[in-house]
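Side chains are part of it too, since the values below use all heavy atoms of this structure and drop only hydrogens, waters and symmetry mates.
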Amino acid sequence: MKIFFSALEVSADLHGSKLINALKQKQKNIYFFGLGGERMKEEGLDVRWDLTRYSTVGFIEPLPYIPKLLKIQQKAKYLLRETKPDLAIFIDAQGFNLPLAKYAKSLGIITVYYFAPQYWLWGKKEEAKEVLSNLDWIIATFPQEYSLYKLFGDNVVFFGHPLIDYLSVYSNIDKKNDLIGLFPGSRVQEIKKLTPIFLEIAEKLPGYKFVIPLASQNFSDLLYSIIEEKENLVKVVSGNESQKILRASVISLVASGTVTLEAAILKTPVFVFYKISPLTYFIAKRLVHYPYIALPNIILEKCIFPEYVQYIDINKVVKDIEDFLRDSDRRGKMLKDLDRISEILGKPGVLDKISDFILNIL
């Protein structure tokens, strides 16, 4: 049995690795191959191309990488045509993956989109109909996502969010009141824009230890070049310790993304940041359906985690953090809200159900 994967981002690499592991537990004779990163390779994926270092978000940010991505996309199409896998699983990265999924389906390959295009968050919701028509199945990971795609077809399923399973092992780790985690993102543009901001904030918060988990070894040179003059201020650890550090932190400073959802499940207060090009920001403001960027805030439709987007006043952020750390009532209310997030995302056993579903459609 052959299963093709296409995962281009660090977060997609994590989700892909966990899915491969779950599938291996149930079916021993599967050959996994395609596009992925370090973690999927560790689980046995035959990585033909690792594009995690080229991951971007925005409208103009991807432009420098488009020629390379198009070249790899053509090679991936050739690989699909020549190998004819039993199943192709696409994770996020819709600009690259949607055309590839459409091509795979035209070859008669069963196609599954896992972490599908998030039209429930942004863009035209009607576009979900076209996405669904070009796939055999969508495995939704949010209730709102499921509800939207379900409007346009029955080939969408929802079992909960797999982070519920990944993070359960960290629930007993104790908080360290002097530890603050720094998570500047898993894309080059995020690391470049947010790491200096996080370091500046850290300098204004004496008495705390600061740790940066490295999202991927692909970014180690970049990260160390940014912090080289302030290595006495922060400690860099392996990305394999990300969730452990996030759970143990009294608070964390994070880039908007999957880590905000991880923090909600791990019951860690976070301050959420994002900074993109002015043009991308201008366009994005007109496409999004919610007033927030952090997924927990979007899910509950209220500002649980403070957000700082685009124009960031360092002194204000520092004051907000200091006020929050002194306000035990505010922290208590936040933790109650975070309990609701876990309830919405489902019960443990999500990966077991997803892997069963995948094997059953083969």
Side chain to side chain contact (heavy atoms under 4.5 Å, CB included) between Leu163 and Leu345, intermediate numbers included: CA-CA 9 Å; Leu163 280 177; Leu345 294 180; 5.8 Å; no
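The local environment of CG in Asn172 is sparse, with at most 12 non-hydrogen atoms from other residues, nucleotides or ligands closer than 6.0 Å. For NZ of Lys150, the number of neighbouring non-hydrogen atoms (other residues, nucleotides, ligands) closer than 6.0 Å is greater than 12. Within 6.0 Å of CG on Asp221 lie no more than 12 heavy atoms contributed by other residues, nucleotides or ligands. Shown here is Lys267, whose NZ atom has more than 12 heavy atoms of other residues, nucleotides or ligands within 6.0 Å. Surrounding CG of Asp154 are at most 12 heavy atoms belonging to other residues, nucleotides or ligands under 6.0 Å away. Counted within 6.0 Å of NZ on Lys230, heavy atoms from surrounding residues, nucleotides or ligands total more than 12; the atom is thus considered enclosed. Atom NZ of Lys302 has 12 or fewer heavy atoms from other residues, nucleotides or ligands within 6.0 Å. Within 6.0 Å of the CD atom in Glu127, the count of heavy atoms belonging to other residues, nucleotides or ligands exceeds 12.
Scored by the salt bridge (Lys or Arg N to Asp or Glu O under 4.0 Å) test, Lys336 finds no partners at all (sequence neighbours excluded). In terms of the side chain to side chain donor-acceptor pair (under 3.5 Å) criterion, His161 has no residue partners (sequence neighbours excluded). Under the rule for a side chain to side chain donor-acceptor pair (under 3.5 Å), Lys347 has no partner lying at least two apart in sequence or in another chain. Contacts of Lys129 classified as side-chain contact (heavy atoms from CB on, under 4.5 Å), with partners at least two apart in sequence or in another chain: Phe152. By the side chain to side chain donor-acceptor pair (under 3.5 Å) test, Asp352 is found to be paired with Lys26, residues two or more places apart in sequence or in another chain being considered. Legend: residues meeting ring pair (Phe, Tyr, Trp, His ring centres under 6.0 Å) with Phe324, ordered by chain and number and at least two apart, are Phe271. With sequence neighbours left out, Lys24 forms a salt bridge (Lys or Arg N to Asp or Glu O under 4.0 Å) with Glu43. Not counting sequence neighbours, the partners of Phe198 by the ring pair (Phe, Tyr, Trp, His ring centres under 6.0 Å) test are Phe273. Checked against ring pair (Phe, Tyr, Trp, His ring centres under 6.0 Å), Tyr166 has the following partners two or more places apart in sequence or in another chain: His15.
For the pair Ile191 and Gly185, the tightest heavy-atom approach, listed with the atom from each and the gap, is CG1-O, 3.7 Å. Residue Ser220 comes nearest to Leu214 through the heavy atom pair CB-CD2, 3.6 Å, listed as atom of the first residue, atom of the second, then distance. Nearest heavy atoms, Asp327 versus Arg330: OD1-N, 3.0 Å. In this structure, Leu19 and Leu351 approach most closely via the heavy-atom pair CA-CD2, 4.2 Å. Nearest approach of Leu338 to Ala263, heavy atoms of both residues: CD1-O, 4.4 Å. Between Ile180 and Ser252 the shortest heavy-atom distance is CG2-CA, 4.4 Å.
Once rounded to the nearest 0.5 Å, the distance linking CE of Met40 with CD1 of Ile91 reads 5.0 Å. Atom CD of Glu307 sits about 8.5 Å away from atom OG1 of Thr260, to the nearest 0.5 Å. For the atom pair Arg187 CZ and Glu9 CD, the distance stands at 4.5 Å (nearest 0.5 Å). Residue Asp13 holds its CG atom at 11.0 Å from CG of Leu35, rounded to the nearest 0.5 Å. In this structure, OG1 in Thr111 is found 9.5 Å from CD1 in Ile138, a value given to the nearest 0.5 Å. Taken from CZ in Phe219 to CD in Glu190, the straight-line distance is 8.5 Å, to the nearest 0.5 Å.
The stretch residues 31-42 participates, sequence neighbours left out, in these side chain to side chain donor-acceptor pair (under 3.5 Å) pairs: Tyr31-Asp46, Tyr31-Arg48, Glu38-Ser216. Applying the ring-ring contact (aromatic ring centres under 6.0 Å, His included) definition to pairs two or more places apart or across chains, those involving residues 328-362 are Trp137-Phe357, Phe159-Phe357.
Between Asp337 and Arg340, at least one side-chain N (NZ, or NE/NH1/NH2) sits under 4.0 Å from a carboxylate O, which counts as a salt bridge. The existence of a salt bridge linking Lys333 and Asp329 is excluded, since no basic side-chain nitrogen approaches an acidic carboxylate oxygen closer than 4.0 Å.
Proximity of Thr141 to Val350: side-chain heavy atoms (C-beta onward) are nowhere separated by under 4.5 Å. For the pair Leu205/Phe210, a side-chain contact is recorded, criterion being any heavy-atom separation below 4.5 Å from C-beta on.
Side-chain atoms of Asn97 come within 3.5 Å of backbone N or O of Asp92 as a donor-acceptor pair.
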Pairs of donor and acceptor atoms involving the side chains of residues 78-86, under 3.5 Å and at least two apart or interchain, shall be tabulated with distances.
residue: Arg81; atom: NH1; partner: Tyr103; partner atom: OH; Å: 2.9
residue: Thr83; atom: OG1; partner: Leu79; partner atom: O; Å: 2.6
residue: Asp86; atom: OD2; partner: Lys2; partner atom: N; Å: 2.7

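Residue Phe142 forms a ring pair (Phe, Tyr, Trp, His ring centres under 6.0 Å) with just one option from Phe115, Tyr119, Trp120, Phe158, and that option is Trp120.
For Phe5 and Phe33, the distance between ring centers is not under 6.0 angstrom.
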